[in-house]
Visitor: 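Take this structure first; my questions come after.
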Amino acid sequence: MRANNLTLLTDLYELTMMQGYFKNPTNQTVIFDMFYRTNPCGGAFAITAGLEQMIEYIENLHFTTEDIEYLRGLDIFEEDFLEYLSNFQFTGDIYAIPEGTVVFPREPLVKVVAPIMEAQLVETAILNIINHQSLIATKAARVCYAAKGDAIMEFGLRRAQGPDAGIFGARAAVIGGCAGTSCVLTGKMFDVPVLGTHAHSWIMSFPDEYTAFKTYAKLYPNACTLLVDTYDVLKSGVPNAIRVFEEMREEGIPLTQYGIRIDSGDLAYLSKEAYKMLAAAGFDDAIISASSDLDEYLIDSLKAQDAKINSWGVGTRLITSNDNPAFGGVYKLAAVKDADSTEFTPKIKLSENTEKVTNPGNKTVYRLYSKTTGKIKADLICLADEKLNEEENMVLFDPIDTWKKTKVLGGTYEVRELLVPVIKAGKRVYESPSVMELRDYCQKEQGTLWDESRRFVSCVAGDVILAAPDHHAQHAGNILGVVRMVDAGAPELFVRFAAGGAQMKEDVALRDFLGFILIPDRPVGWGRRGGFGIAARGLVIRAVRLFDGPGLSVNRLFGGDVLCGCFGGVIDGKECRAPVAVLREREARFRQGAFYVLLEKLIGRVAVLFFR
């Protein structure tokens with residue numbers, strides 16, 4: 001990849017959109033977030049990888065004369081736009097989470113801040129590079145965890161989906177924890193260990209198995225691992241291997257890196273029987289390596305069966321991540337700034353699929369570590385200008401299951417900002433560590449995970465949360481305020497609410513309010529069902545439904561996490577008004593009822609909202 005110009009490694013619609021922006025100039029600077037929604041392989045975390053290749057792609061981003069000629073031949077691009085492309089350079093900024101870092105869904109792995117045409121062009125390649133390597137690094141981390149400290153050899157090149165997948169997949173696998181790879185080109189490009197023994201064809205090319213083993217041992221006495229399952233593991237392979245090892249010992253050849261490999265059969269049974277035979281002959285320190293379509297689940301099972309295997313060769317199911325062959329990263333517009341503006345305007349993508357609703361705004365990610373254990377407590381998605389005080393109490397809540405809350409006491413945690421600048425004004429400002437250094441870093445990163453997050457069954461996902469310091473919790477009691485919100489495709493709406501605390505001004509920033517603001521996506525009325533979106537601290541994060549009840553209606557988040565009373569309103573000129581006195585009476589009755597008391601016990605604080 002280092003020698004390749006990958007500028008045309010993009011989807012056609014990126015270029016057609018670029019021409020649209022070119023013909024209708026807005027001079028917008030935008031922010032795109034690259035993130036993923038679901039952890040791969042049913043796990044509780046992922047490992048990010050591919051950053052170095054992404055930076056190299058940006059550094060080498062330019063349209064050659066041949067590129068321009070090809071695009072001209074498509075007959076869809078005008079000459080003035082092609083002239084612009086011929087002088088194209090990336091001038092924006094990119095922030096990213098370093099390779100080898102443990103990451104979780106919904107948090108930006110890469111943030112691009114650039115003129116809109118530039119940011120649009122790089123979407124496809126960023127996704128292609130980060131998605132693939134993050135997937136394989138994550139799979140490798142799972143496989144290595146199952147091996148419980150035994151070495152994992154990656155040798156899936158022949159089963160990878162093409163040369164690049166083999167080369168860069170092996171790179172990612174080493175970052176994830178593999179001891180080395182069979183891919184020689186990966187070894188050369190990234191200075192990682194290359195490993196390998198021999199194939200069944202080597203054995204079969206000799207008159208007999210013993211001669212094949214003896215010849216191989218003479219060639220490679222310091223790396224003599226013999227494949228013992230060509231004919232019969234226990235009756236032929238292991239006895240012939242022992243014979244060769246005994247001869248080497250008698251000749252005074254040091255037996256250091258030596259052992260056997262089993263590539264088929266019942267690996268648990270065969271390894272235990274082979275170990276007995278080797279130990280009886282005085283070779284109890286011999287490596288017993290296994291292969292044969294291994295993955296984390298099979299390795300974990302073999303460990304549970306006390307298989308005498310201490311080295312593992314993992315190919316197909318690692319390099320293809322066969323049970324989860326795609327990472328699922330996405331690249332979404334988060335904010336826009338016009339040329340005459342000094343601040344970004346948040347942008348949000350709405351969807352009936354709540355997991356596809358995006359978090360808008362210029363964001364960063366902070367990680368909280370426990371000072372006593374060093375383990376990850378949570379990741380916080382914050383606005384970029386927010387600063388955290390480690391001495392301040394924090395109220396943390398899950399942005400999807402918002403009823404999941406916890407309080408973190410000041411002085412008990414440490415904070416680390418995950419996103420770091422890698423490109424500024426189009427130039428590299430970040431030097432990547434070597435792959436082996438990234439591997440060491442990744443091992444330390446995985447050490448910050450709780451054991452519950454690493455198991456393969458019923459794992460506990462890491463928390464990615466929207467957070468607010470305790471001083472924001474002053475909004476608790478009897479506030480009345482008015483907030484005006486305009487949402488694409490929805491009418492302007494004035495919301496009057498009672499949520500508690502000191503008096504709130506009309507121009508209060510939503511991000512300073514811990515309660516919930518309801519935003520209709522279609523007209524609703526008193527006692528009628530309707531659809532809503534829900535926002536926390538200004539970020540629309542869930543869709544809710546309106547349920548009828550006696551004397552009032554109740555909005556309930558999917559999954560039953562937060563409930564709010566809704567008391568009436570006027571939307572888009574439709575009459576559904578109740579007098580203020582009636583609203584206050586209904587609110588008071590609601591707050592005095594057993595239902596409200598139950599809600600307070602469940603979620604700690606209830607925001608009662610009504611339309612006015």
Visitor: Has K272 got more than 12 heavy atoms of other residues, nucleotides or ligands less than 6.0 Å from its NZ?
Guide: yes
Visitor: Examine the side chains of Y145 and D300 and answer whether a donor and an acceptor come within less than 3.5 Å of each other.
Guide: no
Visitor: Here's one to test your reading of the geometry: is the NZ or CZ of R106 within 45 degrees of the ring axis of F35 and under 6.0 Å from its centre?
Guide: no
Visitor: Ring centroids only, cut at 6.0 angstrom: are F45 and F104 within range, meaning strictly under it?
Guide: no
Visitor: Scan side-chain atoms only and decide if R416 and Y369 contain a donor-acceptor pair under the 3.5 Å cut-off.
Guide: yes
Visitor: Look only at the side chain of N60 and the backbone of E56, and say whether a donor-acceptor pair between them is shorter than 3.5 Å.
Guide: no
Visitor: So with a 6.0 Å cut-off around CZ of R159, is the heavy-atom count from everything else above 12?
Guide: no
Visitor: Under the rule for salt bridge (charged side-chain N to carboxylate O under 4.0 Å, His left out), what residues qualify as partners of K214, not counting sequence neighbours?
Guide: E247, E251
Visitor: Has F283 got more than 12 heavy atoms of other residues, nucleotides or ligands less than 6.0 Å from its CZ?
Guide: yes
Visitor: Tell me whether the count of non-hydrogen atoms from other residues, nucleotides or ligands lying under 6.0 Å of NZ in K375 goes above 12.
Guide: yes
Visitor: Kindly say whether I288 contributes a backbone atom to a donor-acceptor pair with the side chain of N310 at under 3.5 angstrom?
Guide: yes
Visitor: Under a 3.5 Å threshold, yes or no: a donor from one side chain and an acceptor from the other, between N222 and Q257?
Guide: no
Visitor: Verify the neighbour count for atom OH of Y231: are there more than 12 heavy atoms of other residues, nucleotides or ligands below 6.0 Å?
Guide: yes
Visitor: Side-chain donor-acceptor pair under 3.5 Å between N5 and T7, yes or no?
Guide: yes
Visitor: Main chain of D11, side chain of T124: is a donor-acceptor contact present, judged purely on distance under 3.5 Å?
Guide: yes
Visitor: According to ring-ring contact (aromatic ring centres under 6.0 Å, His included), who are the partners of Y36, at least two apart in sequence or on a separate chain?
Guide: F327
Visitor: Given salt bridge (charged side-chain N to carboxylate O under 4.0 Å, His left out), test E296 with K139 step by step and report yes or no.
Guide: CA-CA 8 Å; E296 66 268 41; K139 186 69 171 178; 2.9 Å; yes
Visitor: Of the non-hydrogen atoms in F206 and T211, which two are nearest, and what is the gap between them?
Guide: CD2-CG2, 3.9 Å
Visitor: Would you confirm whether S321, through its side chain, and L318, through its main-chain N or O, come within 3.5 Å as a donor-acceptor pair?
Guide: no
Visitor: Taking P98's backbone N and O only, do any of them form a donor-acceptor pair with T101's side chain (distance below 3.5 Å, no angle check)?
Guide: yes
Visitor: Identify all side-chain donor-acceptor contacts of residues 191-200 below 3.5 Å with residues at least two apart in sequence or on another chain.
Guide:
residue	atom	partner	partner atom	Å
T197	OG1	R261	NE	3.3
H198	NE2	L227	N	3.3
H200	NE2	D229	OD1	2.8

Visitor: Would you confirm whether E209, through its side chain, and G237, through its main-chain N or O, come within 3.5 Å as a donor-acceptor pair?
Guide: yes
Visitor: List the residues meeting salt bridge (charged side-chain N to carboxylate O under 4.0 Å, His left out) with E273, not counting sequence neighbours, and say none if there are none.
Guide: K276
Visitor: Are D263 and S292 linked by a side-chain donor-acceptor pair shorter than 3.5 Å?
Guide: no
Visitor: Looking only at side chains, do S182 and E154 share a donor and an acceptor under 3.5 Å apart?
Guide: no
Visitor: Could you list the residues that satisfy ring-ring contact (aromatic ring centres under 6.0 Å, His included) with Y441, not counting sequence neighbours?
Guide: none
Visitor: Side chains of K363 and Y95: do they bring a donor and an acceptor to under 3.5 Å?
Guide: no
Visitor: Residues two or more places apart in sequence or in another chain: which of them pass ring-ring contact (aromatic ring centres under 6.0 Å, His included) with F77?
Guide: F81
Visitor: Run through E52, R439, E437 and flag the one making a side chain to side chain contact (heavy atoms under 4.5 Å, CB included) with E99.
Guide: E52
Visitor: Mark yes when over 12 heavy atoms from residues, nucleotides or ligands other than K148 sit less than 6.0 Å from its NZ; otherwise mark no.
Guide: yes
